[in-house]
Amino acid sequence: MKALITGITGQDGFYLSKLLLERNYEVHGLIRRSSNINTNRIDPLISEYLPSGQLNLHYSDLTDSSSLTNLINKLLPDEVYNLAAQSHVAVSFKNPIYTTQTGTIGTVTILETIRNTEKNIKFYQASSSEMFGGVTGESLNEDSTFYPKSPYAAAKVFSHNVTKIYRESYDIFAVNGILFNHESPLRGETFVTRKISRAVGRIYQNIQKKVTLGNLDASRDWGFAGDYTYGMYKMLQHTKPDDWVLATGETHTVKEFADEAFKIVGLNWEDYVEYSEKHERPNEVHHLLGDPSKVKKELGWEPKTSFKDLVKMMVEEDIKLAEKEKVLIDNNLLKPSWEHSN
Ligand code: NAP
Ligand code: F7E
């Protein structure tokens, strides 16, 4: 089996490509040119699988339609997982056009290319719980109404709809995975969970004093990225294409996440977390809770990692990272800048 993954250098890109490589897939990843090397998450996979040709990387960009089309036509993969996106909701208010371009054009380009090939290429679209908007008390499933509250969410609604349109119009095996928040030690460091676990690790190692956050009362249905990428894979192995929600069915506030994370190192979060309005968004999704009944019934998928285990996994990894940073700081090889960044 041959798979093409856009967004292979991201959090989910690592877990999904690892899973596929271990199942003997030939994996092709789309990477974009950056002035710094941006493959650090997948470096362990590069050293293990690139030399044999089981893993291959190709320069492209979701906004560069001709290169995307050429790549798909050249590879003719069995499966395409479209994971690439400008995925930060707060940044999408600051870079709305770029977020929209990345979140929409690439999806139609891939679907159009698949439609024009002779091969029955299966397609996975990374849809998001952000599309729902979310209000307190509501449990969201595949039939819930979309109420996007950011340019990011609006772009995801477009791609979700166009994926469904291609499935219904052209009989393409095109699937939307509507994933609620999923985290890991590889989560980008400006998302709230990782920002907290990074801060806990550094505060514990005495190389950071405080962490500044925005809305502490927002709640999210947080799961583990490794469980969710397995769900993506399961969706493309099903007999017929459809849309499925992946969630844990539990929601926790940012405050609860901070409390749990600081407790692991025996500290009280209230002594270290400061509030700043600068982390508030122009429009906020206050509450998200998913209902994974359909995926459990039809695909037998269930999350394996509890909220407590997820927080523990992230904090423990970030304590180890901070320990290495401390050695560099003590030897004057690193100047900490994290208290000034977000
Ligand atoms: P991530 O860590 O932010 O990774 C995003 C990936 O997209 C990176 O590989 C990035 O490349 C790539 N990318 C960004 N812009 C691109 C462009 N113009 N052309 C090509 N590649 C581009 O995101 P993630 O957490 O793994 O999420 C994977 C997907 O699921 C995203 O589409 C996200 O919106 C969606 N999603 C995520 C969650 C979640 O909770 N994690 C929930 C629902 C949906 P660089 O490494 O070069 O930046
Ligand atoms: O924010 C609040 C913030 O940026 C979660 C993406 O993967 O999941 C992710 O989007 C909540 C929000 O994730 C800070 O206001 C408070 O209410 O970690 P986040 P997100 O916006 O939920 C969805 C499903 C996706 O699809 C996205 O791609 O936490 N919050 N203080 C903060 N958030 C951040 N980032 N930083 C803070 O300081």
Side-chain angles (χ1 to χ4, degrees), residues 1-8 10-30 72 77-85 87 103 106-108 110-111 114-115 119-132 140-144 146 156-182 184 221 223-249 290-305:
M1 292 289 283
K2 198 193 280 187
L4 171 65
I5 304 176
T6 74
I8 195 167
Q11 170 190 255
D12 291 2
F14 168 80
Y15 287 102
L16 180 67
S17 48
K18 182 170 188 290
L19 178 152
L20 297 178
L21 288 162
E22 285 169 356
R23 281 174 166 69
N24 288 322
Y25 272 60
E26 180 180 313
V27 173
H28 294 262
L30 186 156
I72 295 169
D78 299 288
E79 298 172 354
V80 177
Y81 294 87
N82 186 28
L83 307 187
S87 72
T107 317
V108 209
I110 297 170
L111 286 164
I114 289 176
R115 179 169 86 84
K119 189 164 176 177
N120 293 324
I121 300 173
K122 294 183 179 178
F123 176 74
Y124 174 88
Q125 171 57 22
S127 282
S128 165
S129 52
E130 280 294 299
M131 301 187 302
F132 295 122
L140 299 152
N141 67 23
E142 295 77 4
D143 299 322
S144 301
F146 295 150
K156 286 288 183 191
V157 170
F158 172 85
S159 280
H160 181 94
N161 286 334
V162 84
T163 298
K164 216 168 162 172
I165 289 166
Y166 270 66
R167 178 169 78 219
E168 291 169 0
S169 311
Y170 306 117
D171 201 22
I172 291 174
F173 196 110
V175 160
N176 285 300
I178 310 171
L179 272 51
F180 282 64
N181 298 53
H182 45 280
S184 75
D221 182 328
F224 170 52
D227 293 343
Y228 285 51
T229 46
Y230 178 60
M232 295 175 188
Y233 164 75
K234 292 274 281 181
M235 289 180 204
L236 289 203
Q237 313 317 309
H238 193 54
T239 44
K240 65 178 184 49
D242 203 345
D243 304 330
W244 287 279
V245 157
L246 294 188
T248 68
D291 170 9
S293 317
K294 179 177 168 185
V295 74
K296 186 175 173 189
K297 184 164 170 257
E298 296 182 358
L299 304 187
W301 180 89
E302 275 186 286
K304 299 255 180 292
T305 313

Open item on the list: For a 4.5 angstrom cut-off between non-hydrogen side-chain atoms, does T6 reach I110?
Closed with: yes
- [ ] Rounded to the nearest 0.5 Å, what's the gap from CD on E26 to CG on L20? Could you check?
- [x] 12.0 Å
Task: K296 atom NZ, neighbour heavy-atom count above 12 within 6.0 Å - done: no
Open item on the list: Is there a ring-ring contact (aromatic ring centres under 6.0 Å, His included) between F173 and F123? Walk through the geometry before answering.
Closed with: CA-CA 6 Å; F173 196 110; F123 176 74; over 10 Å; no
TODO: To the nearest 0.5 Å, tell me how far E142 CD sits from S127 OG.
DONE: 11.0 Å
Open item on the list: Are E298 and D242 packed together at the side-chain level, in the sense that at least one heavy-atom pair is separated by less than 4.5 angstrom?
Closed with: yes
TODO: Report yes if some heavy atom in the side chain of W244 is under 4.5 Å from a heavy atom in the side chain of H238; otherwise report no.
DONE: yes
Open item on the list: Would you say that more than 12 heavy atoms from the other residues, nucleotides or ligands in this model lie under 6.0 Å from the NZ of K164, or not?
Closed with: no
- [ ] Decide yes or no for F224 and K304: does some side-chain heavy atom of the first lie under 4.5 Å from some side-chain heavy atom of the second?
- [x] no
Task: Closest contact, heavy atoms only, V27 versus S17 - done: CG1-CB, 4.1 Å
Open item on the list: As an exercise, state the distance from NZ of K122 to CG of L236, rounded to the nearest 0.5 Å.
Closed with: 6.5 Å
Task: Neighbour count above 12 (heavy atom, 6.0 Å) for K294 NZ - done: yes
Open item on the list: Give me the atom names and distance for the closest heavy-atom approach of N176 to R167.
Closed with: N-NH1, 4.4 Å
Open item on the list: With side chain to side chain contact (heavy atoms under 4.5 Å, CB included) as the criterion, how do M232 and Y228 come out once you've worked through the C-alpha distance, each side chain's angles and the decisive distance to 0.1 Å?
Closed with: CA-CA 6 Å; M232 295 175 188; Y228 285 51; 5.5 Å; no
Task: Pairwise distance CZ(F146) to CD(E130) - rounded to 0.5 angstrom - done: 12.5 Å
Task: Taking every non-hydrogen atom, the tightest pair across I172 and L111 - done: CD1-O, 4.1 Å
Open item on the list: Contact between I72 and P77 at the side-chain level, heavy atoms closer than 4.5 Å - yes or no?
Closed with: yes
Task: Close side-chain approach of K119 and D78, heavy atoms under 4.5 Å - done: yes
- [ ] Ignoring hydrogens and angles, state whether a donor on the side chain of N82 or Q125 is under 3.5 Å from an acceptor on the partner side chain.
- [x] yes
TODO: Can you see which heavy atom on A126 is nearest to which on K156, and at what distance?
DONE: O-NZ, 2.8 Å
Task: Shortest non-hydrogen contact between Y81 and Y233, atoms and distance - done: OH-CA, 3.8 Å
Task: Minimum heavy-atom distance I8-L30, with the two atoms named - done: CG2-O, 3.7 Å
Open item on the list: Measuring only between side-chain heavy atoms, which start at C-beta, is M131 closer than 4.5 Å to H160?
Closed with: yes
Task: Donor-acceptor contact below 3.5 Å, side chain D227 vs main chain T305 - done: yes
TODO: State the CG-OG distance between L179 and S129, to the nearest 0.5 angstrom.
DONE: 8.0 Å
Task: Check: Y166 and V108 side chains under 4.5 Å, non-hydrogen atoms - done: yes
TODO: In sequence, state the C-alpha distance, the side-chain angles, and the governing distance for H182 and D12, and then conclude on side chain to side chain contact (heavy atoms under 4.5 Å, CB included).
DONE: CA-CA 9 Å; H182 45 280; D12 291 2; 2.7 Å; yes
Task: Flag, side chain of T229 to backbone of G226, donor-acceptor distance under 3.5 Å - done: yes
Task: Donor-acceptor pair between T248 and D221 side chains, under 3.5 angstrom - done: yes
